[in-house]
J.: 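Please read through the structure below; I'll follow up with questions.
Counting starts at 1 for both ligands and their atoms, following the listed order.
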Amino acid sequence: MKEEKNNNKRNYFIFAVICLVVLLFYNAVLIPALKRSQITDTSYSFFLTQIDGGAVTKAEITEDSILFEVGSGGEKKLYSTAKIDDPDLVSRLHDSGTAEFSGIVSRQSPLQNFLFSWVLPIVFMVLLWSILIKGMNRRMGGNAMSFGKSSAKIYVKAQTGKTFADVAGQDEAKEALEEIVDFLHAPEKYAEIGASLPKGALLAGPPGTGKTLLAQAVAGEADVPFFSISGSEFVEMFVGMGAAKIRDLFRQANEKAPCIVFIDEIDTIGKKRDGQIGGNDEREQTLNQLLTEMDGFDGKKGVVILAATNRPESLDPALLRPGRFDRRIPAELPDLAGREAILKVHAKKVKTDGSIDFNAIARATAGASGAELANIVNESALRAVRSGRETVSRSDMEESVEVVIAGYQRKSAVISQNERKIIAYHEIGHALVAAMQKDSAPVHKITIIPRTSGALGYTMQVDDGEKFLMTKEEALARLAVLTGGRSAEEIVFGSCTTGASNDIEKATQLARAMVTRYGMSSLGMVALETENNRYLGGDTSLMCSSETAARIDSEVSRLVNEAHEKAAAILSENIGKLHELAEFLLERETITGEEFMAILKKQPAGV
Ligand code: ADP
Ligand code: MG
Ligand code: ZN
């Protein structure tokens with residue numbers, strides 16, 4: 001509240017200063033200029049000759065000047081001249097007869113004068129100001145006059161309602177954060193030994209791995225005030241406002257110590273300052289202020305700063321040096337056990353019928369983030385409601401995995417019988433190549449029901465356990481599986497379709513990574529590419545000579561082509577099974593891995 005008052009005071013002060021400047025300008029420059037524009041300055045002797053000539057029709061004598069009008073009828077001109085102490089003037093004017101004269105001190109009453117030149121403009125400006133501010137508020141949806149007001153919200157336990165129990169997996173991150181919580185509870189314990197805790201900890205990881213959730217859990221556990229602000233909130237319309245907000249935030253935090261300050265998406269303000277001309281002044285000022293504030297406060301007092309980002313490599317090195325965000329807490333994508341735990345945490349919130357195999361779901365969702373897993377559980381609950389059931393069943397869960405991976409089923413899509421046949425052979429091509437190689441993951445499900453993501457069908461392979469490494473053999477087997485779809489089309493129909501574009505893209509990506517990053521080709525163990533945004537898609541940039549680039553390209557196409565030949569050979573050898581399985585898939589639309597294996601293992605009829 002005090003904060004608000006101070007700000008209001010400051011705003012009124014700014015407003016008053018602006019008013020004063022405008023008024024001074026208005027009275028000292030504008031009004032005299034306007035007056036002067038119609039009035040010609042002349043000499044006193046000109047005035048006298050005009051009187052004598054009988055040309056002066058009016059004269060106004062003020063304290064220091066004389067204003068007079070010359071001419072008659074339509075043509076009248078105003079002149080002014082300095083007043084000279086001339087005792088004859090009155091009689092002279094009187095004698096000329098034509099002049100009407102008076103001795104006015106001021107042409108308006110003092111009150112009128114004051115009203116016009118001071119009060120009216122102020123009223124006008126206040127009106128204008130309030131209209132302007134109202135308009136701005138409406139457009140920006142906030143308070144435009146809240147210059148420098150920090151919008152850091154204070155979170156306390158009751159408000160986030162999250163604890164470490166809500167965060168599944170992420171054990172390393174939780175451990176590191178538990179230490180911070182412990183420090184906030186009993187700082188003496190640390191002070192006795194002389195240990196000081198890091199001032200800041202940076203949560204880094206891909207989107208949806210629970211960084212924001214972890215920070216909220218810390219707030220819930222720590223039982224201390226929790227200031228939460230997002231990096232983008234510092235980026236303001238006016239240069240300097242972000243810096244003011246930082247100052248404000250840290251002042252508040254220091255008053256409330258021990259407490260936690262959480263800056264989400266810190267990369268918005270913490271990007272490397274690159275000194276480019278025309279760089280973002282506002283952002284750099286904000287960052288500089290943050291650096292200064294982090295140095296300024298006393299770590300022993302118990303202010304801990306948490307920040308979260310999914311682009312740690314883009315942060316300014318000054319931000320990461322010891323004494324600032326020196327501790328990095330990784331929030332990586334969950335492993336198999338982590339995924340299972342996350343699914344269970346979220347499944348607690350929905351009613352299940354007890355038939356769900358969480359381990360199977362976790363195995364089918366390799367690479368999914370916590371947010372995606374939470375979404376899968378929610379989708380399955382929605383599906384149960386849609387089909388009028390009261391509990392979530394196993395099939396709800398399995399279907400929602402596919403919804404999250406490939407989108408909803410496109411029931412309305414009409415696909416001709418001919419095209420369905422091509423799609424069926426394509427998918428069985430993938431599955432058959434996978435099943436016939438020992439380094440491939442088992443086939444889990446094959447379907448030719450189109451999905452909203454654009455997939456016309458897909459083959460799901462699920463590993464038995466968690467895989468952290470991929471051997472060269474596995475990579476080559478995967479390439480063969482990816483080319484299997486196209487190979488089946490070629491063998492059976494003697495032609496190819498556009499349906500393989502996604503497979504081609506994936507195969508090329510994998511082959512390229514094998515050459516440039518995994519050192520699995522004749523080019524040897526040389527890093528030819530660097531990954532840029534590890535947590536966000538991971539686009540790469542080439543760093544080699546153009547000759548090497550050409551060799552990479554030919555090596556990549558060699559790998560893919562060899563895989564293609566291998567897949568074609570496997571399919572030709574098993575052409576009977578290919579037809580049999582494709583037929584079966586066409587009839588059923590979706591078949592499970594077990595059904596697939598049963599047909600594959602069955603002895604061909606008549607042998
Ligand atoms: P980000 O890392 O992008 O900040 P969030 O913390 O916002 O991700 O996570 C989004 C949602 O995903 C959370 O609200 C939560 O429901 C779910 N989630 C992510 N990770 C976990 C986890 N380890 N345990 C439980 N839920 C999680
Ligand atoms: Mg977040
Ligand atoms: Zn395919």
Side-chain angles (χ1 to χ4, degrees), residues 160-174 177 202-219 228-232 262-268 306-312 329-335 337-350 362 368-378 404 406 422-434 446-448 454-461 478 480-490 496-507 535-536 564 567:
T160 68
K162 298 266 195 283
T163 61
F164 281 138
D166 291 302
V167 189
Q170 305 296 4
D171 292 330
E172 303 76 20
K174 273 200 275 187
L177 290 169
L202 182 69
L203 288 153
T209 45
K211 299 183 293 298
T212 308
L213 182 69
L214 273 166
Q216 286 171 344
V218 170
S228 160
I229 192 161
S230 167
S232 59
F262 175 52
I263 306 175
D264 209 352
E265 314 292 349
I266 195 172
D267 45 286
T268 356
L306 293 180
T309 180
N310 34 40
R311 271 184 294 184
I329 301 176
E332 296 290 343
L333 289 173
D335 54 10
R339 287 197 298 278
E340 196 177 332
I342 293 173
L343 284 169
K344 280 183 179 156
V345 161
H346 286 277
K348 267 193 208 130
K349 295 175 203 154
V350 300
S369 69
E372 280 166 323
L373 295 170
N375 192 16
I376 286 174
V377 174
N378 191 48
V404 171
I422 297 177
I423 298 165
Y425 273 100
H426 178 107
E427 294 308 331
I428 294 295
H430 285 306
L432 203 54
V433 173
I446 312 165
T447 169
I448 54 167
L456 295 169
Y458 60 84
T459 304
M460 227 166 120
Q461 284 174 268
R478 173 121 193 85
V481 171
L482 283 167
T483 53
R486 164 62 65 84
S487 307
E489 289 177 35
E490 286 168 344
C496 51
T497 67
T498 53
S501 65
N502 190 259
D503 299 334
I504 293 174
E505 205 178 301
K506 278 192 202 148
Y535 292 136
L536 298 170
H564 188 180

J.: Picking from Ile423, Thr459, Leu456, what satisfies side chain to side chain contact (heavy atoms under 4.5 Å, CB included) with Ile448?
T.: Ile423

J.: Decide whether an N or O pair under 3.5 Å exists between Gly210 and ligand 1.
T.: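 Yes: some nitrogen or oxygen of Gly210 is under 3.5 Å from one in ligand 1.
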
J.: Out of Ala371, Gly205, Ala341, Gly169, whose heavy atom sits nearest atom 10 (C) of ligand 1?
T.: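 Going through Ala371, Gly205, Ala341, Gly169 one by one, Ala371 has the nearest heavy atom to atom 10 (C) of ligand 1.
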
J.: Which is closest to atom 25 (C) of ligand 1 by heavy-atom distance: Val345, Asp166, Asp171?
T.: Asp166

J.: Tell me: protein heavy atom nearest atom 27 (C) of ligand 1, and distance?
T.: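 Atom 27 (C) of ligand 1 sits closest to the protein heavy atom Leu213 CD2, 3.6 Å.
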
J.: Would you name the N/O/S atom of His430 that lies closest to the Zn ion (ligand 3)?
T.: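 Minimum-distance N/O/S atom of His430 relative to the Zn ion (ligand 3) is NE2.
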
J.: Could you tell me the residue and atom name of the protein heavy atom closest to atom 16 (O) of ligand 1, and the distance to it rounded to 0.1 Å?
T.: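 The closest one turns out to be His346 CE1, 3.1 Å.
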
J.: Which residues and atoms, protein N, O or S only, are under 2.8 Å from the Mg ion (ligand 2)?
T.: Thr212 OG1

J.: Measure the distance from atom 3 (O) of ligand 1 to every protein heavy atom, then report the residue, atom name and distance (to 0.1 Å) of the closest one.
T.: Gly208 N, 2.8 Å

J.: Among protein heavy atoms, which sits nearest to atom 24 (N) of ligand 1, and what does the distance come to when rounded to 0.1 Å?
T.: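 Scanning the protein heavy atoms, the shortest distance from atom 24 (N) of ligand 1 goes to Ala168 N, 3.0 Å.
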
J.: Polar-atom distance check: Gln170 versus ligand 1, any N or O pair below 3.5 Å?
T.: no

J.: What's the shortest distance from atom 18 (N) of ligand 1 to any protein heavy atom, and which residue and atom give it?
T.: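 Nearest neighbour among protein heavy atoms for atom 18 (N) of ligand 1, to 0.1 Å: Gly370 C, 3.7 Å.
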
